[in-house]
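Atoms considered below: every heavy atom in the structure, side chains included; atoms not considered: hydrogens, waters and symmetry mates. Protein chains get the first letters and strands the later ones, always in sequence-line order, with residue 1 at the start of each.
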Number of protein chains: 2
Amino acid sequence: MVTMQQVADRAKVSISTVSFVVNDTKPVMAETRERVLKAIDELGYRRNSMARALASRKSRVIALIYPLLDHRHHHSFVDAAATAAEERGYSLVLWPVHSDNVSAEIASLIQAGFADGVLLMEVQLEDERVTHLQQAGAPFALIGRTRELHGIDYVDIDFERSVEQAVEDFAALGHRDFSLIIEDLSDTPLAGYSPPIRAEQTFEEAVRSRGLNGTVFRVPHERASILSIADEIARRAPETTAIIGMHDDATFALINVLRHRGIRVPEDISIAGIASATAMATLTDPALSTYDAPGSALGRLATEALIDRLEGRGGPPTQVRIACTLMPGASMGPAPVDRPPLSSEAWKRHPSTSARAVESAALDGTHAI
Amino acid sequence: MVTMQQVADRAKVSISTVSFVVNDTKPVMAETRERVLKAIDELGYRRNSMARALASRKSRVIALIYPLLDHRHHHSFVDAAATAAEERGYSLVLWPVHSDNVSAEIASLIQAGFADGVLLMEVQLEDERVTHLQQAGAPFALIGRTRELHGIDYVDIDFERSVEQAVEDFAALGHRDFSLIIEDLSDTPLAGYSPPIRAEQTFEEAVRSRGLNGTVFRVPHERASILSIADEIARRAPETTAIIGMHDDATFALINVLRHRGIRVPEDISIAGIASATAMATLTDPALSTYDAPGSALGRLATEALIDRLEGRGGPPTQVRIACTLMPGASMGPAPVDRPPLSSEAWKRHPSTSARAVESAALDGTHAI
DNA sequence: TTGTAGGCGTTATCAG
DNA sequence: CTGATAACGCCTACAA
């Protein structure tokens, strides 16, 4: 390994001078700098990050508390965060959380000098990790938000504005009967995860203030219940003509299931995904209209806010909320006129293929894998 | 920040003794150890990772060259790798790659002492990154494989066995006309990414050796073409009764599109996903049968192989291939008898809703978003 | 079993 | 502008 001293020797300068040119921390005569640069190049010198970290008391590492949920837009968060960090000379470390003593562990990451700051995802409204981080004086930024936000750097999806917008857009198309699909995270470690909660509140307020009807469906986290959501809607909100799905998988499944039953999208019912990952849209037929989550923008913003803070750029905290943007597909249409309720026998004329499959399998003894 | 020296003072021992108990590197009398532990506890001491790294010349950091593709099973790789690393006292750093000078950058990660080893994903058959890593003498492990594997630690999906198995399973159900769907990565930086290549070769060999018919479909990476894959199959392989989809999104879209056309799954045609992410299966109706990628097993194995190597546990390289495991759904059935070709007019009796939607929109002036 | 002391490669403070 | 030199906090022979 080539050290600064070796570079210094070869360039016939002192080790400090090498440091000055490498870090651009003090003015150095053009000619001297050239000599140093040349030596660096010839020797293939790279400054040792650990020595640097030790001497400067800065590891230039950011720890990302790793997300539990396998949401597709999390991928873009992480991706953007890693890239933004790298651009500013930092590294992003993935920190898997263990449900117990999370907070203590996070704080000790900093105390051990391993990371300079922490990025937190999947923030809950009351999040003890945030409290601990504050007490420990550890720099951090949130992707998401807590209830109390005073002085906290955070970036978040503006669910309120997004849901409001979706309701508005549907209302403009003449819809009056709405359903909202969210994830049911109660009984999971993420029970206090705010997006579904905030979406639900906003939704109810949005429909109420417009004199519309709205029903909320909470889909349990296990996959099995995803497909039955159509039945659920037919049962509890048969008049629904507009569905807002904040659960990509369920929305995705739903658009197909409806169609298999002969319920046309968007003629009989309209659907839009909200806080969706972009990639989902083109996989359905008709193409799903989505209000896309600004994943990579948020990942980048959060990282930069944190680094700014780490580097002492003071000032007021970064507090940004970005609404989802509508990516038009073909699943939102004008409200149907006099459509029979979803519970009606009228829809039964198109039995689902899978029902037939089960039937025939039972009859002739063959079975599908 | 509490230092070892402070702990030593309080415990009335020397700094080295503290080091010995902290790292369990030399025997220490039970009583002394207790004193030290007590002092550590009282002071809230945490050993400084940077100082440790510098002195021991080991950063205990593993760099993961960050994947480009947004495959859902990559999430489980990364997740498992981070967890496995953490369990052994290492940290996983995400290293975003820039298409240019990748190799040089990777090697310098190591030279700068930032990472002890590298984990490479999305390995290409001829991968210059691997060559550079070898030349630089940098420890690494692959998730995936190159053509030349001598002395290399790697773990990979056994695509050969998986595809073979899928063909075998379908053949046992009486199928004779196969289609394989893979991603077309040519014209992308991942042109030499081996999974599609190997799957294609194995597939062709597998059908040929059994005297079956097989057609390969390469779906371009942009989303737009995903939906048209059904037409493509009808045109180029109208007799197909068994589809193996190594492209979750396309497979997913396909099962729905087929159904919308009145082509029943699995009565008229069978479909299975291969190297899929588990989550996909239950989102379709009928449930997609998948050969699941062993994502987390591979992430963990690769990480452990690398750490073993870093810690000098010599011996032969870890070279593991794990086949995908069949997760039965309801999309694979017995081959149909005398089914009309997919190109036949017979299927036209169920026009797709979206075709109608476009029509009616054009007629009455309304339009779907 | 415990202590002493010399690095590890940089940064940073102070002189010159 | 450039050069000494003392940290930075820990590891590890080597001694005792």
Side-chain angles (χ1 to χ4, degrees), chain A residues 1-37 39-40 43-61 89 108-116 311-312, chain B residues 1-37 39-40 43-61 89 108-116 311-312:
Chain A
M1 162 186 272
V2 186
T3 73
M4 260 189 183
Q5 188 60 64
Q6 299 177 39
V7 174
D9 292 348
R10 182 176 247 266
K12 307 221 182 304
V13 295
S14 82
I15 186 174
S16 351
T17 303
V18 178
S19 176
F20 298 153
V21 352
V22 166
N23 299 305
D24 199 26
T25 158
K26 280 199 178 180
V28 171
M29 263 189 8
E31 193 209 343
T32 332
R33 143 176 284 109
E34 281 317 315
R35 276 217 315 288
V36 173
L37 256 19
I40 287 179
L43 262 30
Y45 167 78
R46 314 249 2 168
R47 80 157 140 9
N48 182 298
S49 16
M50 295 304 148
R52 180 156 111 116
L54 179 58
S56 66
R57 265 145 300 213
K58 284 181 169 52
S59 66
R60 266 153 270 246
V61 164
S108 75
L109 259 186
I110 305 268
Q111 282 160 18
F114 182 75
D116 293 341
E311 299 189 337
Chain B
M1 163 184 273
V2 186
T3 73
M4 258 190 188
Q5 188 59 65
Q6 299 177 37
V7 174
D9 291 348
R10 182 175 246 267
K12 307 217 183 305
V13 295
S14 83
I15 185 172
S16 31
T17 302
V18 178
S19 175
F20 298 152
V21 352
V22 166
N23 299 305
D24 198 26
T25 157
K26 277 199 180 182
V28 171
M29 262 189 8
E31 194 209 342
T32 329
R33 143 175 285 110
E34 281 316 314
R35 277 217 314 286
V36 172
L37 257 19
I40 288 180
L43 261 30
Y45 167 79
R46 313 251 0 168
R47 78 157 138 18
N48 182 297
S49 16
M50 296 303 148
R52 179 157 111 116
L54 180 58
S56 66
R57 266 146 299 216
K58 285 180 168 54
S59 67
R60 265 154 268 248
V61 163
S108 76
L109 258 186
I110 305 269
Q111 282 160 19
F114 182 74
D116 293 341
E311 301 189 336

query: Below 3.5 Å, does any donor atom in the side chain of Ser16(A) face an acceptor in the base of dA4(D), or the other way round?
result: yes

Interatomic distance, [X] [atom1] vs [N] [atom2] [rounded to whole Å]:
X         : N      : atom1 : atom2 : value
Arg57(B)  : dG9(D) : CZ    : P     : 19 Å
Arg46(B)  : dG9(D) : CZ    : P     : 16 Å
Arg52(B)  : dG9(D) : CZ    : C1'   : 12 Å
Met4(A)   : dA7(D) : CE    : P     : 20 Å
Phe20(A)  : dT5(D) : CZ    : C1'   : 12 Å
Gln111(B) : dC8(C) : CD    : C1'   : 18 Å
Arg35(A)  : dG3(D) : CZ    : C1'   : 13 Å
Arg47(A)  : dC8(C) : CZ    : C1'   : 17 Å

message: Heavy-atom nearest nucleotide on DNA chain C for Pro27(B) versus Leu54(A): which residue maps closer to 5'?
response: Pro27(B)

Taking only the side-chain nitrogens and oxygens of [X], find out if one of them lies under 4.0 Å from OP1 or OP2 of [N].
X        : N       : answer
Asn23(B) : dC11(D) : yes
Ser56(A) : dT10(C) : no
Thr32(B) : dT2(C)  : yes
Thr17(A) : dG3(D)  : yes
Arg33(B) : dT1(C)  : no
Thr3(B)  : dG9(D)  : no

Drop me the distance from [X]'s [atom1] to [Y]'s [atom2], to the nearest 0.5 angstrom.
X        : Y        : atom1 : atom2 : answer
Arg10(A) : Leu43(A) : CZ    : CG    : 5.5 Å
Gln6(A)  : Thr3(A)  : CD    : OG1   : 4.0 Å
Gln5(A)  : Ile15(A) : CD    : CD1   : 5.0 Å
Asn48(B) : Arg46(B) : CG    : CZ    : 11.0 Å
Thr17(B) : Lys12(B) : OG1   : NZ    : 14.0 Å

Looking at [options], which one has an atom nearest to any side-chain atom of [X]?
X        : options                  : answer
Met1(B)  : dG9(D), dT10(C), dC1(D)  : dG9(D)
Asn48(B) : dC8(D), dT2(C), dC10(D)  : dC10(D)
Ala55(A) : dT11(C), dT2(D), dC10(D) : dT11(C)
Ser19(A) : dT11(C), dA4(D), dC14(C) : dT11(C)

field: Ser59(A) side chain vs Phe114(A) backbone, donor-acceptor pair below 3.5 Å
entry: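 Such a contact is found between Ser59(A) side chain and Phe114(A) backbone.
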
- prompt: Checking all strands, does Met50(A) fall into the base, sugar-phosphate, or nothing category for heavy-atom contacts under 4.0 angstrom?
  reply: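 No contact.
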
task: Have a look at Val22(A) and say if it touches a base, only the backbone sugar-phosphate, or nothing, with a 4.0 Å heavy-atom cut-off.
output: nothing

